[in-house]
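Everything on this sheet refers to the single structure shown next.
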Amino acid sequence: QVQLVESGGGLVQAGGSLRLSCAASGRTFSSYAMGWFRQAPGKEREFVATISWNGGRIIYSDSVKGRFTISRDNAKNAQYLQMNSLTPEDTAVYYCAAAGFSLPRTGAHDYNYWGQGTQVTVSS
């Protein structure tokens with residue numbers, strides 16, 4: 001069992017930055033691929049970024065590539081999402097997720113564990 005808790009969301013102006021953190025509990029955290037998803041009001045949950053168990057492979061959605069950076073620290077049971085050059089279109093609830101696989105996955109259905117989400121609001 002893995003429990004995930006996100007933090008770091010908030011209100012920021014367009015062009016600003018935020019760093020999301022996800023604290024995980026569970027002995028098998030380091031074995032799982034991790035991911036970030038987001039859901040804006042009235043929209044479906046969408047993939048943002050994913051990282052393999054050892055950080056060796058990373059995939060980003062086209063909408064965040066070059067602006068967001070995903071990372072993890074297995075010693076701290078944590079993953080992070082550094083978000084730069086934020087735009088109002090990035091406004092959403094951001095979710096941390098852990099997959100039942102070691103390699104990165106882009107589909108929400110591949111993830112077994114989810115955090116409660118953290119709100120990110122970007123003002124224009």
Side-chain angles (χ1 to χ4, degrees):
Q1 189 77 6
V2 176
Q3 293 184 325
L4 305 171
V5 179
E6 303 96 334
S7 62
L11 174 64
V12 63
Q13 288 187 335
S17 298
L18 282 174
R19 187 189 193 213
L20 305 184
S21 299
C22 175
S25 62
R27 294 178 296 173
T28 56
F29 168 82
S30 60
S31 302
Y32 294 150
M34 299 294 295
W36 289 96
F37 289 77
R38 67 186 182 185
Q39 188 167 18
K43 296 186 177 180
E44 293 186 353
R45 189 168 299 189
E46 67 168 339
F47 165 74
V48 174
T50 179
I51 186 168
S52 63
W53 70 279
N54 63 351
R57 186 174 177 188
I58 291 172
I59 303 172
Y60 295 102
S61 69
D62 288 342
S63 61
V64 307
K65 195 175 298 182
R67 300 187 299 122
F68 290 12
T69 303
I70 188 172
S71 61
R72 67 188 295 162
D73 185 340
N74 288 343
K76 296 182 178 180
N77 274 13
Q79 76 154 344
Y80 309 97
L81 186 68
Q82 177 66 43
M83 305 185 295
N84 299 328
S85 303
L86 286 161
T87 73
E89 288 69 37
D90 295 315
T91 295
V93 176
Y94 283 70
Y95 295 92
C96 170
F101 306 93
S102 60
L103 295 179
R105 305 278 173 155
T106 61
H109 60 274
D110 288 321
Y111 289 79
N112 298 331
Y113 305 102
W114 294 84
Q116 82 288 349
T118 186
Q119 177 70 47
V120 172
T121 303
V122 185
S123 64
S124 57

Exercise. Inspect the surroundings of CD in Gln116 and state if more than 12 heavy atoms from other residues, nucleotides or ligands are less than 6.0 Å away.
Key: yes
Can you see which heavy atom on [X] is nearest to which on [Y], and at what distance?
| X | Y | result |
| --- | --- | --- |
| Ala97 | Tyr111 | CB-CD2, 3.4 Å |
| Arg72 | Gly55 | CD-N, 4.2 Å |
| Ser17 | Gln82 | CB-NE2, 3.9 Å |
| Leu18 | Val12 | CD1-CG1, 4.0 Å |
| Ala14 | Ser124 | CB-CA, 4.3 Å |

Applying the 4.5 Å side-chain criterion to the ILVMFWY set and letting contacts propagate, would [X] and [Y] be lumped into a single cluster?
| X | Y | value |
| --- | --- | --- |
| Phe37 | Phe101 | no |
| Tyr80 | Val48 | no |
| Phe29 | Trp114 | no |
| Trp53 | Ile58 | no |
| Phe47 | Val93 | yes |

Measure the spacing between [atom1] of [X] and [atom2] of [Y] and express it to the nearest 0.5 Å.
| X | Y | atom1 | atom2 | value |
| --- | --- | --- | --- | --- |
| Asn54 | Ser30 | CG | OG | 10.0 Å |
| Asn77 | Gln3 | CG | CD | 12.0 Å |
| Ser52 | Arg105 | OG | CZ | 11.5 Å |
| Arg67 | Thr87 | CZ | OG1 | 5.0 Å |
| Cys22 | Glu6 | SG | CD | 5.5 Å |
| Tyr95 | Leu20 | OH | CG | 13.0 Å |

Quiz item: Does the pair Asn112 and Tyr32 meet the rule for a side-chain contact (heavy atoms from CB on, under 4.5 Å), with working shown?
Solution: CA-CA 10 Å; Asn112 298 331; Tyr32 294 150; over 6 Å; no
Going by heavy atoms in the side chains, are [X] and [Y] under 4.5 Å from each other?
| X | Y | value |
| --- | --- | --- |
| Trp36 | Met83 | no |
| Leu81 | Gln79 | no |
| Ser61 | Arg38 | no |
| Ser102 | Ser31 | no |

Exercise. Please answer whether the main-chain N or O of Pro104 pairs with a side-chain N or O of Thr50 as donor and acceptor at a distance below 3.5 Å.
Key: no
Practice problem: Given side-chain contact (heavy atoms from CB on, under 4.5 Å), test Leu4 with Met34 step by step and report yes or no. | Solution: CA-CA 11 Å; Leu4 305 171; Met34 299 294 295; 4.0 Å; yes
Exercise. On the 0 to 90° scale, with breaks at 30° and 60°, tag the Tyr94-Phe68 ring pair as parallel, tilted or perpendicular.
Key: tilted
